[in-house]
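Have a look at the structure below, then the notes.
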There are 2 protein chains.
Amino acid sequence: MSIRRILEALSSNDYRVTWQRWAVAAHIALKGDQLFTVEELYQSLKAHYPDIGLTTVYRTLDLLVDLGVITRVHGDDGVARYGMRVPGVTCAVQLRCEVCGDTRPLEIEQLQPLLQAAAAEAEMLLTSCEVRLDGICSRCRRERVSLGGAAPGTR
Amino acid sequence: MSIRRILEALSSNDYRVTWQRWAVAAHIALKGDQLFTVEELYQSLKAHYPDIGLTTVYRTLDLLVDLGVITRVHGDDGVARYGMRVPGVTCAVQLRCEVCGDTRPLEIEQLQPLLQAAAAEAEMLLTSCEVRLDGICSRCRRERVSLGGAAPGTR
DNA sequence: GTTGTTGCAAACTGTTTGCATAGTA
DNA sequence: TACTATGCAAACAGTTTGCAACAAC
C-alpha cells in the first residue's frame, strides 16, 4: 500500500511524521492513480481534519515531490496537479537522429505524469510506456542540412 | 516562413491585422522552434515596439492558440510557455491493453510541445515522434484482475 | 530542551477583466 | 461608420514566505 511508502520516505529521510503529514499521505493514497489539485486534496482533508492548514498541504506536497514519491504536473489551466509516482512505470524516451542513426536515451521529467493522466482519463491502468523521438541532431544539421526557415538573429 | 502562416490564420478568420499582432507574429517567428514565456516575448517586443501592452500580448497569444498556430504548455514552474506549432510533426499515441491486445489511438494535447521542448533542449530538430502506452483497459480490469492496492471509497 | 513543523496573514507572480479610447476594415 | 482591438489599472487565483506558537524526537 502506498501510504506506507510515503511515511517511510519521510522517516527514513529524517523528517518528522506529524499527524498532518500522516493525513496527507493517507489522502494521497486514497486518490489512487488519479491526479489531484492542491485544492481538491485540501478540501477532502479538511472534511476529516478541520484543523489542517493549506500551507501545510502545499509544503508537504513539495516535500514529497522532492523525496520522489509523488510527481507534479501543470495542466492546461496552469494549476499544479499531483499524483503518486508509480515506481514500476518508467517512460523510456529514445532520441534518434534519422540522419546518422545515433540513438540515445532522454529523461523528460514531466512526461510520466502527463501520460499517466491521459491513460487514466482513458480508463487505462498504465504499466509501461515508450516514446521514440526522431529528428536531426545538431551535428548532422551543421554538416549536411542548411536549416531552412527563419534564422534567429536575421531579423 | 511562419510569420505568414500566423497572419493568414488571423485574416482568414476575420480577425484584424493590427501592427501589434503583426509584431507578435514576427517575434514568434524569430523564436524559431524555441518555447518562450509571455514575459520573454513581451520584453523582446518592447525593445522594438515600446508602446505595445502586456495585455495585448496575452490576448494575441490566446487567440493564436485558439487558431491552432501556436501551442501552450506549462513548465515545472507553472509558467505558460508558447511555441510555433510545427504542422509536420504529429505525435501518434497508441494506447494498448496488454491483456486483450486492444489498441487505439489517443490524442494528448500537451504532449507535442513538451516533447518538442525536450528535443530542442537536446539540440535535436524534431521531425516525428511516436508514443506507445501499455496498460490494462477498464474492461479487462473488471473481468480478470482484482485491482490490488488502495481502492478509493473503501476508506 | 532542541529543533523541525505548523498556521495565519500578508506578500507575490502570472494571468484575466472592465472600461474608455483608438484604429481597422 | 460600425465594430473590433488596445492599454491601463484593478481584480484574481494559485502559490510562497515571515514569524510566533507548537509539537515530535
Side-chain angles (χ1 to χ4, degrees), chain A residues 6-27 35-67 70-83, chain B residues 6-28 35-67 70-83 110:
Chain A
I6 302 178
L7 298 178
E8 267 169 18
L10 283 172
S11 54
S12 68
N13 283 80
D14 285 330
Y15 290 105
R16 296 181 180 169
V17 179
T18 61
W19 66 263
Q20 290 95 333
R21 286 177 176 171
W22 192 95
V24 169
H27 279 247
L35 292 190
F36 52 86
T37 65
V38 173
E39 195 57 30
E40 284 162 9
L41 186 67
Y42 179 55
Q43 290 309 330
S44 93
L45 274 166
K46 238 186 12 184
H48 297 265
Y49 313 89
D51 289 342
I52 203 164
L54 180 57
T55 313
T56 301
V57 178
Y58 271 107
R59 282 195 278 231
T60 305
L61 289 175
D62 275 0
L63 182 57
L64 294 179
V65 168
D66 282 349
L67 291 177
I70 63 174
T71 40
R72 189 202 338 255
V73 246
H74 292 269
D76 303 35
D77 50 3
V79 180
R81 273 155 226 278
Y82 299 80
Chain B
I6 302 178
L7 298 177
E8 266 169 18
L10 283 172
S11 54
S12 68
N13 283 81
D14 286 330
Y15 290 105
R16 298 183 179 166
V17 179
T18 61
W19 67 263
Q20 290 95 333
R21 285 176 177 171
W22 191 96
V24 169
H27 278 247
I28 290 176
L35 293 190
F36 52 86
T37 64
V38 172
E39 195 56 30
E40 284 163 9
L41 186 68
Y42 180 55
Q43 291 307 331
S44 93
L45 274 166
K46 239 186 10 184
H48 298 265
Y49 313 90
D51 289 342
I52 202 164
L54 180 58
T55 313
T56 302
V57 178
Y58 271 106
R59 281 195 277 231
T60 305
L61 289 175
D62 276 0
L63 182 57
L64 294 179
V65 168
D66 283 348
L67 291 177
I70 63 175
T71 42
R72 189 205 336 257
V73 246
H74 291 269
D76 303 34
D77 51 3
V79 179
R81 274 153 226 279
Y82 299 81
Q110 295 233 289

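Chain naming here is simple, since letters A, B, ... match the order of the sequence lines and numbering starts at 1 in each. Values in this document were obtained by computation on a predicted structure and should not be read as measured data.
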* Asked: What parts of residues 14-21 of chain A reach DNA chain D, counting only heavy atoms under 4.0 Å away?
  -> A/R16, A/V17
* **Beyond-backbone contact of A/Y58 with A/V38, side-chain heavy atoms, under 4.5 angstrom** => yes
* To do: Indicate yes or no: at least one non-hydrogen side-chain atom of A/F36 is less than 4.5 angstrom from one of A/Y42.
  => no
* Asked: Relative to the 5' end of DNA chain C, which residue comes earlier, B/E39 or A/V57, by the nucleotide with the nearest heavy atom?
  -> A/V57
* To do: Return the value, rounded to whole Å, for the distance between atom CG of A/D76 and atom P of D/dA13.
  => 19 Å
* Asked: Do the charged groups of B/K46 and B/D51 touch, with an N to O distance under 4.0 Å?
  -> no
* Could you tell me whether the phosphate oxygens of D/dT16, OP1 or OP2, come under 4.0 Å of any side-chain nitrogen or oxygen in A/Y58? => no
* To do: Take atom NE2 of A/H74 and atom P of C/dT13, then tell me their distance rounded to the nearest Å.
  => 17 Å
* Between B/D77 and B/V79, is there a donor-acceptor pair closer than 3.5 Å when you use the side chain of the first and the backbone of the second? -> yes
* Separation of C/dT16 P from B/L61 CG (nearest whole Å) -> 10 Å
* **Side-chain donor/acceptor of A/R59 to base of C/dG4, under 3.5 Å** => no
* Asked: Using the ring of each side chain (for Trp, its six-membered ring), is B/H48 parallel, tilted or perpendicular to B/H27, with breaks at 30° and 60°?
  -> perpendicular
* What integer distance in Å separates B/I52:CD1 from C/dA22:C1'? -> 15 Å
* Between D/dT4 atom C1' and B/L63 atom CG, what is the distance in whole Å? -> 12 Å
* Atom pair CG/CG of A/L67 and A/L10 - distance to nearest 0.5 Å -> 6.0 Å
* To do: Write down the distance between CG (B/L54) and P (C/dT17), rounded to a whole number of angstrom.
  => 14 Å
* **d(CG, A/D77; C1', C/dG14) in whole Å** => 13 Å
* Asked: How many angstroms lie between atom OG1 of A/T71 and atom CZ of A/R81, to the nearest 0.5 angstrom?
  -> 13.0 Å
* Structure fact -> note: A/L10, atom CG; D/dA24, atom C1'; distance rounded to Å ~ 13 Å
